[in-house]
Amino acid sequence: TLKPFPQNFLWGGSTSAYQFEGAWDEDGKSPSIVDMYCHPEDVADFKVASDHYHHYKEDVRLFAELGLKAYRFSIAWTRIIPDGIGDVNQQGLDFYHNLIDELKRYDIEPIVTLYHFDLPYKLDKQGGWSERSTIDAFVRYTEVLFQNFGKKVKYWLTINEQNTMILHPGAIGVPENGKLPDKKTLYQQNHHMFIAQAKAMQLCHTLCPNAKIGPALNITSMYAETCRPEDAIAAHNWETIRCWSFLDTAILGRYNALFLSYLQDRGLCPTILAEDLVVLKNAQPDFIAMNYYSTATIAASKGNASDISARAGDQQIMLGEQGVYRAAENPFVDKTAYGWVIDPIGLRLTLRKVYERYNLPILITENGIGAPDKLNADNTVNDDYRINFISQHITQMQLAITDGVELIGYCPWSVIDVVSTHQGYGKRYGFIYVNRGEFDLKDMKRIKKKSYFWYQKLIKANGQL
Ligand code: BGP
């Protein structure tokens, strides 16, 4: 028999600062790396985004009417400490105080991401995550957040999708000069982020003893293309390198053996100081936040350059690695309009694996379907595909709970339309439509989609429809 969703289950929704707020240079904010990226000519940049900065009261009211118990958003470092390190910008603090107070007025639990892809550009110019000084800058920034918001915020997330940032750097946009760092540099940056994350978790526990903090990675299961043992090893290779390596370091406080040997074999091992090992060991996350969109299917490497292929519908993300694995098609699943595999059962499987491995409560901080939603003449949006997608995933979440997984909340991406990471404004995820075009900003009106009314009913029924 099915177990019900817990009474205090956090039915929520998700956004990130740079994709939602706009006001990219207002009230003391400085540019972040995402503001400086070269955007493809046919898609919107992040300067105005959904203009949440000037609509936050209206937006929170809509979230409240939707019935949200929780709202996951990120704070922009560049609003709080515009130079990355140094003076704190009171106007930046005020914006998030106002936002959080507004949420609390409606009993919506704020879930705050410390860092969602938006490194201050000034720090990037000084070497960014390649420099150990960025660790100190990050820790100082998080200290300001814990001191200012520690009494109001119970749930904190460290760094959003460190794994996609490092493994598919194209996933967060194209750097100014169009060139991505080499792998050795990326793994050094990755190491610095691990240390920054571990220090932030420790600091959170010291400064806010009642708060909870955890990593927020993009986690998914890998299927072997066939029952050929070589395919099984390749699927395990990639699942470990892409997912478990990041969670093991964040949660168990150490690089796992396969990850280390992978890095060593290729001359990619970062410089790890003795003190780093202690910092990693001492960090104790309280829960795991996980973003889940789709599964991947993996075949054995052919040992040549043909292992590397661009993912369908997304030319910027390369999949496959020579000698490690290659991407394969899964004939048993559907895909979204943007070529992302739709696999609700994969969510149940992934939740089981994460829970078995770490035994910590899990919060889903992203899951959703990007689609070119159309606004009808009568101001409606019929996004039945979104209702189907979310409802199938919720069914599998309940099965995972029945399996024994401790799932504490669900924050689909995104609660309202935001700018996609690199596919502009045509690709929408929200329950609320924002009336803007790619470049024509229109009136920015918020319009409830069909899925809004469906999700509202579902939350009222605590997931039972
Ligand atoms: C995740 C990111 C989000 C979000 C989402 C959808 O990887 O954490 O910021 O945008 O993916 O991706 P996209 O906007 O590219 O469709």
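Read the numbers this way: they start at 1 and go in the same order the structure lists the ligands and their atoms. Computation of the quantities below employed the complete heavy-atom set of this structure, encompassing side-chain atoms and omitting hydrogens, waters and symmetry-equivalent molecules.
Proximity of Tyr53 to Val48: side-chain heavy atoms (C-beta onward) are nowhere separated by under 4.5 Å.
Taking any N or O of Thr164, backbone or side chain, none lies under 3.5 Å from an N or O belonging to ligand 1. Where the criterion is an N or O separation shorter than 3.5 Å, residue side chain and backbone included, Asn218 fails it with respect to ligand 1. Looking at ligand 1, you'll find an N or O of His116 within less than 3.5 Å of one of its N or O atoms. Remark: ligand 1 and Trp340 share no N or O pair separated by less than 3.5 Å (distance only, no angle test). Inclusion of Glu161 in the set of residues having an N or O under 3.5 Å from an N or O of ligand 1 is warranted.
Trp413 and His116 have parallel rings, their planes meeting at less than 30° on a 0 to 90° scale where 60° marks the start of perpendicular.
Proximity of Tyr338 to ligand 1, defined as any heavy-atom pair under 4.0 Å, is not found for any part of the residue. Of the heavy atoms in Val418, none comes closer than 4.0 Å to ligand 1.
For Tyr262, the ring pair (Phe, Tyr, Trp, His ring centres under 6.0 Å) test picks out no residue, with sequence neighbours left out.
When Trp413, Tyr429, Phe117 are checked for heavy-atom proximity to atom 4 (C) of ligand 1, Trp413 turns out nearest.
With salt bridges taken as basic N to acidic carboxylate O contacts below 4.0 Å, one links Arg79 and Glu21.
Near Lys427, meaning under 4.0 Å from any of its heavy atoms, are these atoms of ligand 1: 13 (P), 15 (O), 16 (O). In summary, the atoms of ligand 1 found under 4.0 Å from a heavy atom of Tyr293, numbered by their order in the structure, are 5 (C), 6 (C), 11 (O). Residue Asn160 has at least one heavy-atom neighbour below 4.0 Å for each of these atoms of ligand 1: 8 (O). Of all atoms in ligand 1, listed by their number and element, those nearer than 4.0 Å to a heavy atom of Ser420 are 13 (P), 14 (O), 15 (O), 16 (O).
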- Message: What verdict does the salt bridge (charged side-chain N to carboxylate O under 4.0 Å, His left out) test give for Arg428 and Asp373, after you've listed the backbone C-alpha separation in whole Å, the side-chain angles of each residue and the deciding distance to 0.1 Å?
- Response: CA-CA 6 Å; Arg428 295 167 184 262; Asp373 296 342; 5.6 Å; no
- Message: Run Phe149 and His97 through ring-ring contact (aromatic ring centres under 6.0 Å, His included) and show every step you take.
- Response: CA-CA 8 Å; Phe149 306 112; His97 271 300; 4.5 Å; yes
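Summarising the local packing, CG of Asp94 is surrounded by more than 12 heavy atoms from other residues, nucleotides or ligands at distances under 6.0 Å.
Within the structure, salt bridge (charged side-chain N to carboxylate O under 4.0 Å, His left out) pairs that include any residue of residues 62-71 comprise Glu65-Lys448 (at least two apart or interchain).
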